[in-house]
Amino acid sequence: MPDGGPYRVAIIADAHFHDPTGDFGGVGIELDGERLALRSWRDTETGPRAINESASALVNALHRITAAGITHVILAGDYTDDGQAENTRCLATLLRRYQGDCGLQFYAIPGNHDLFGPHGKHVATRFVTAPGKTALVTSDPHHRPDAILTDALRCHGQPDALMPMAAFGLFRQPHYLHWETPFGTSDAPDARAYDATAADGSVTHRLMDASYLVEPEPGLWLLMIDANVFEPRPGRSDPTRKKAFLDPSEAGWNAVLRVKPFLLPWIADVTARAAALGKTLVTVSHYPVLDPFQDDAGSERVLFGATEIARRTPTADVGQVLFAAGLQWHAGGHLHVNATNRMSVGARSLTDLALPSLVAFPAAFKVLHATPRRVKVETVALDDLPPDPRLTALYCAEGRNALALPFDAFLAAQFRARIRAHRLPRDWPPHLVTMVADMTAADLVEMIGGDARQGIAAAALRGYRMADMITDAYILREAGSLARGWIDPAGLSICRALARDLGDDGIDPASSDAAFFRRFLSVVQVSLNRMDADDTLIDLSTSASGTIGL
């Protein structure tokens, strides 16, 4: 019989914590009498995430969690900026303070940013020393001679990188009711080792797996899966070199199937035991197990090629294997996306909860209200974090031409700027990038030759710039149910009409410019469907409506 519930568990993914008050070789800028290690506005303006604001974002999330009376907090990987030893040390200190003062219990699993292989890697970063001036800081003694050298920037490997975080689930603690790994009940690093072999069989390295199952209170099982894969690169025999391993950020569950197959029977066994014992099972890794964008038509690759998103998306095999193992639901981050996807066969389904980041648009974390039969999902956006006046002053001194913005608005502006500065010129055909600069939605309708004007005034179509529509489309894609507040209602209405009337997920986008936009509008339609779907309940007793069949 079940031990109890529902259990409330907060999940924070991709916190990318950087402590600006940490000691990174003594480098920094004096602000209000305090030396801070900060990244420049140039690095921040169109970056993939906020770094200077990350410590405040994590504290804000932990404050909310504490105020809600939640005690269990999962850190679903990429809990540090880039695995720097000083950031890991400072994060562990912060978590211990919340553990001691507020009674929070943390359970961490590493992501690709938190460690590297068995021996680690060097990290180099530029920190601001004065407005418009930076200094290069590195852990690599062979870097440029003018760089400042410090071990504080070193990203360690396993098991060394895990040791500062050992008390947060990664190693057995006295108060746990149960704790195990895929290899047994020992938490010794040597007892958790496996052989990773290159695809051609030429190289094998001995690595550590950080997966564990913990029961922190009666009836609650947290299955924390280390889906980080450091796959040996063929012909590279020295494991101390970074290039000895393929990029783990593009590996994830696709690589788990071939390099860490020992995880699969363990997952199946844990899932079966949880069901037999009536345990509430929460399964988390850093990486998604289903495509959060629900791109069943393969539009990403046919539109843009092998993009970073395409390379990081799990294949259908992943979901099929985990479904066969009996897994009913999973949560993972990595892609900084707010989404819920499901696949089903008959009355059974597998649900994948894609977790947003704390420091990238849309900034949020999840709270689970879980029982063995259902999981209610609450998405908590960081919408009450005011701007740091010190950072605002620094950015303005470096040439930022913008008013101080709350954190969520700051990230939305950063996201839009990144789409225009990086995603469009990198992924889109160059002639279309030039074309959309002067186009409106009315021009698009005329080009395609369709009629999407039902209920939309011609003036509204003429007033909606294509550049804005494209960035709105990316917001829909990344933010899911959180997108509504960030797109003008008039623009959203136009997106709905154009996607509904002109989108075509079967057309060849290479056949013409009009065909490219029709295929792109089909992606917008999928994003709109995701935004409108109910992603607040995972039903573990029956197959949910709107599932995706195999």
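Being a predicted model, the structure only gives us computed values, none of them experimental.
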Qualifying residue, where the test is side-chain contact (heavy atoms from CB on, under 4.5 Å) with Trp329 and the options are Asp539, Thr340, Ile538: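 Answer to the side-chain contact (heavy atoms from CB on, under 4.5 Å) test with Trp329 among Asp539, Thr340, Ile538: Ile538.
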
Only one of Thr313, Thr315, Ile309, Val318 clears side-chain contact (heavy atoms from CB on, under 4.5 Å) with Asp291; which?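 For Asp291, the side-chain contact (heavy atoms from CB on, under 4.5 Å) test succeeds with only one of Thr313, Thr315, Ile309, Val318, which is Thr313.
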
State whether [X] and [Y] are salt-bridged, where the test is any N-O pair (Lys NZ or Arg NE/NH1/NH2 against Asp/Glu carboxylate O) under 4.0 Å.
X      : Y      : answer
Arg64  : Asp383 : yes
Arg258 : Glu231 : yes
Asp504 : Arg519 : no
Arg423 : Glu308 : no
Asp295 : Arg301 : no
Asp226 : Lys260 : yes
Glu300 : Arg477 : yes

Could you pull out the closest heavy-atom pair between [X] and [Y], with the gap in Å?
X      : Y      : value
Leu290 : Gly319 : CD2-CA, 3.8 Å
Thr371 : Leu540 : O-CD1, 4.0 Å
Lys366 : Val377 : CD-CG1, 3.8 Å
Leu58  : Phe17  : CD2-CD1, 3.8 Å
Asn338 : Arg530 : O-NH2, 3.4 Å
Phe116 : Cys155 : N-SG, 4.0 Å

Centre-to-centre under 6.0 Å for Tyr474 and Phe415, is that the case here? no

Distance in Å, [X] [atom1] paired with [Y] [atom2], rounded so as to fall on 0.5 Å steps:
X      : Y      : atom1 : atom2 : answer
His369 : Tyr7   : NE2   : OH    : 15.0 Å
Asp81  : Leu91  : CG    : CG    : 11.5 Å
Phe183 : Asp190 : CZ    : CG    : 11.5 Å
His178 : Leu277 : NE2   : CG    : 10.0 Å

Go through Thr80 and Asn87 one step at a time and tell me if the side chain to side chain donor-acceptor pair (under 3.5 Å) criterion holds. CA-CA 6 Å; Thr80 61; Asn87 279 329; over 6 Å; no

If we only count heavy atoms from C-beta on, is the [X] to [Y] side-chain gap below 4.5 Å?
X      : Y      : answer
Val73  : Val9   : no
Leu350 : Arg342 : no
Ile12  : Ile65  : yes

Is the ring pair His336/His16 parallel, tilted or perpendicular, if the boundaries are 30 and 60 degrees? perpendicular

Donor on one side chain, acceptor on other, [X] and [Y], under 3.5 Å:
X      : Y      : result
Ser249 : Arg312 : yes
Asn60  : Asp384 : yes
Thr471 : Arg416 : yes

Could you walk me through whether Ser285 and Met224 pass the side chain to side chain contact (heavy atoms under 4.5 Å, CB included) check? CA-CA 6 Å; Ser285 77; Met224 307 292 287; over 6 Å; no

Look at the side chain of [X] and the backbone N and O of [Y], then say whether any donor-acceptor pair between them is shorter than 3.5 Å.
X      : Y      : answer
Asp352 : Pro292 : no
Ser54  : His18  : yes
Gln158 : Leu207 : no
Asn228 : Gly111 : yes
Arg8   : Ala68  : yes
Thr185 : Thr181 : no
Trp179 : Ser186 : no
Arg273 : Lys279 : no

Residue Asp101 excluded, over 12 heavy atoms near CG under 6.0 Å: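 Enclosed.
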
Do other residues, nucleotides or ligands put more than 12 heavy atoms under 6.0 Å from the CZ atom of Arg172?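 Enclosed.
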
What pairs with [X] under side-chain contact (heavy atoms from CB on, under 4.5 Å), at least two apart in sequence or on another chain?
X      : value
Ala57  : Val359, Leu382, Leu385, Phe407
Ala533 : none
Asp160 : His156
Thr283 : Leu223, Ile225, Leu281, Leu327, His330

Which residue pairs satisfy the ring pair (Phe, Tyr, Trp, His ring centres under 6.0 Å) criterion with at least one member in residues 49-96, sequence neighbours excluded? His72-Tyr107

Listed once per pair and sorted, the ring pair (Phe, Tyr, Trp, His ring centres under 6.0 Å) pairs that draw on residues 264-296, sequence neighbours left out: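 Every ring pair (Phe, Tyr, Trp, His ring centres under 6.0 Å) pair that includes a residue of residues 264-296, provided the two are not neighbours, is His286-His334, Tyr287-His334.
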
Set out, in order, the CA-CA distance, both residues' side-chain angles and the distance that settles side chain to side chain contact (heavy atoms under 4.5 Å, CB included) for Leu264 and Leu322, then state yes or no. CA-CA 7 Å; Leu264 301 173; Leu322 291 174; 4.1 Å; yes

Residue pair Phe361, Leu482: steps toward the side chain to side chain contact (heavy atoms under 4.5 Å, CB included) verdict: CA-CA 10 Å; Phe361 179 81; Leu482 295 176; over 6 Å; no

Check the pair Phe168 / Arg96 against side chain to side chain contact (heavy atoms under 4.5 Å, CB included), numbers first and verdict last. CA-CA 9 Å; Phe168 311 123; Arg96 283 194 297 270; 3.8 Å; yes

Assess Arg192 against Phe171: is NZ or CZ under 6.0 Å from the centre of the six-membered ring, and within 45 degrees of the ring's axis?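 Yes, Arg192 and Phe171 form such a contact.
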
